[in-house]
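Beneath this line is the structure, given in structure tokens, with notes to follow.
Values in this document were obtained by computation on a predicted structure and should not be read as measured data. Start at 1 and go down the list; that is how both ligands and their atoms are numbered.
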Amino acid sequence: MDFTVHSSADYHRQDLRTLGWETTLCNTLADHRSPCRMTLKIKDSYGNLLFDYLNGLLPFNLITHLLEVGGGYGWLMRDFICRKPFQKVTMIDISPHLLDRQKNALKDFPGAFSFREEDFLETPPMVLEDVDLALLNENIGDYPTITDLTKDFLISSPSMLSPDLKLVWEFFARYGLPEPQHPAFHINIGALMALEKLCCAHVPFIFLSEHSCEAAVAGAYRDLIHVSTSDNPECIILKGHDEFTIQFSHLEKIGRYYGYKIIRGPVADFIPFEMTARLRAIMKAPSPWRDEDEIIRYFIEDLYKYEYLLLSKEKHGPE
Ligand SMILES: C[S@@+](CC[C@H](N)C(=O)[O-])C[C@H]1O[C@@H](n2cnc3c(N)ncnc32)[C@H](O)[C@@H]1O
């Protein structure tokens, strides 16, 4: 079988110098003059909007150790610790360049910070032992994805399989992942391993967001905002590396297996926008009139293309 294992680890370790090519939602909303911010009901940064949303759902008074994996420029964490000082903050990033940016963004804040330069898939489990809340924002799409698998190996004996195929076989068997419908299918194996790792470490609250392959627009804006949906992760070609959209239903299966309650939705749930007459015209236009309109249109579509999962479980609840 001619499957391919895609990894972005070398790019992140050696070549990454800027996130400018990736325009993450967090960075898009960072500038208070950004035209995208102007479309929002509450004109604020990504970190503040996410903090407010989580604050309504999680017992922040009990959260003392906060972990962020793949914190980029450190702006999301900066917003969080401005809102509430946490006793302990751990930042894990594979990119030495971005970890330096995070150190710089957080240097003036009191508290016990620990910065770890490593691939999260190699983080020792003991580092996660007392973490209360883990944040992985636009990070899991960077983890390894295996493409062009044909499903016949799923009915083989695992002892006959190569290590990569055996790993995939085990995820299907352990978590009851549904049989793939495509003749050649792709799997976000690194994202599944990352979530499995957090669940096995009993982290009580986990927030993940990423570009989804299963995104959908429900309700009033169904005919106005267009996103594509697939049951197969799709490749996004970026500078120096490929990312893959995430099959969130697989992550949900893992969370439920470990007894987590799950909230899933588009990031528009916590970044609500105002559908003004101008925004409606931008979304309806056959093609954008100005560069700014195009930026806004992509941004509004991204609020649905990006999904999030919030997993929660009592710290000492059932296994
Ligand atoms: C697309 S950026 C997102 C940055 C930030 N969270 C945001 O939303 O703007 C992905 C981040 O994940 C980090 N990353 C990628 N692969 C990783 C891995 N295997 N382990 C830890 N961090 C990783 C990158 O270095 C970067 O900081």
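For residues 116-128, every residue pair satisfying the side-chain hydrogen bond (donor to acceptor under 3.5 Å, both in side chains) rule, not counting sequence neighbours, is listed here: Arg116-Glu118, Glu118-Thr123.
Distances from ligand 1 to the non-hydrogen atoms of Asp119 include at least one value under 4.0 Å.
For ligand 1, the polar-atom distance check against Asn137 finds a nitrogen or oxygen pair separated by under 3.5 Å. Every N/O-N/O distance between Leu98 and ligand 1 stays at or above 3.5 Å. The shortest N or O to N or O distance between His12 and ligand 1 is not under 3.5 Å. When only interatomic distances are considered, the shortest N/O to N/O separation between Val69 and ligand 1 does not fall below 3.5 Å. Residue contacts with ligand 1: Ser8 is placed with no nitrogen or oxygen under 3.5 Å of a nitrogen or oxygen of the ligand (distance criterion only).
Lys239 has no carboxylate O lying under 4.0 Å from a charged side-chain N of Asp15, or vice versa, which leaves the two without a salt bridge. A salt bridge does not link Arg37 with Glu274: every distance from a Lys NZ or Arg NE/NH1/NH2 to an Asp or Glu carboxylate oxygen is 4.0 Å or more. Arg256 has a carboxylate O that lies under 4.0 Å from a charged side-chain N of Glu252, or vice versa, which qualifies the two as a salt bridge.
When Cys26, Gly70, Gly74 are ranked by how near their heavy atoms come to atom 5 (C) of ligand 1, first place goes to Gly70. Residue nearest to atom 21 (C) of ligand 1, selected from Leu76, Ile94, Asp142, Asn27: Ile94 (by heavy-atom distance).
Ring pair Tyr221/Phe273 is tilted by interplanar angle, where 30° to 60° counts as tilted. Ring planes of Tyr258 and Tyr175: tilted class, angle from 30 to 60°. Ring pair Phe244/His186 is perpendicular by interplanar angle, where above 60° counts as perpendicular and below 30° as parallel.
The part of Tyr143 lying near ligand 1 is the side chain, judged by heavy-atom distances below 4.0 Å.
Enclosure of atom NZ in Lys261 is not indicated, since only 12 or fewer non-hydrogen atoms of other residues, nucleotides or ligands lie within 6.0 angstrom.
Counting the atoms of ligand 1 from 1 in the order shown, those under 4.0 Å from a heavy atom of Gly72 are 4 (C), 5 (C), 27 (O). Counting the atoms of ligand 1 from 1 in the order shown, those under 4.0 Å from a heavy atom of Glu118 are 20 (N), 21 (C). Every atom of ligand 1 is numbered from 1 in the order shown, and the set under 4.0 Å from a heavy atom of Glu138 is 1 (C), 2 (S), 3 (C), 8 (O), 10 (C). Counting atoms of ligand 1 from 1 in the listed order, those under 4.0 Å from a heavy atom of Asn139 are 12 (O), 13 (C), 14 (N), 15 (C), 17 (C), 22 (N), 23 (C).
Thr90 is linked by a side-chain hydrogen bond (donor to acceptor under 3.5 Å, both in side chains) to His65, counting only residues two or more places apart in sequence or in another chain.
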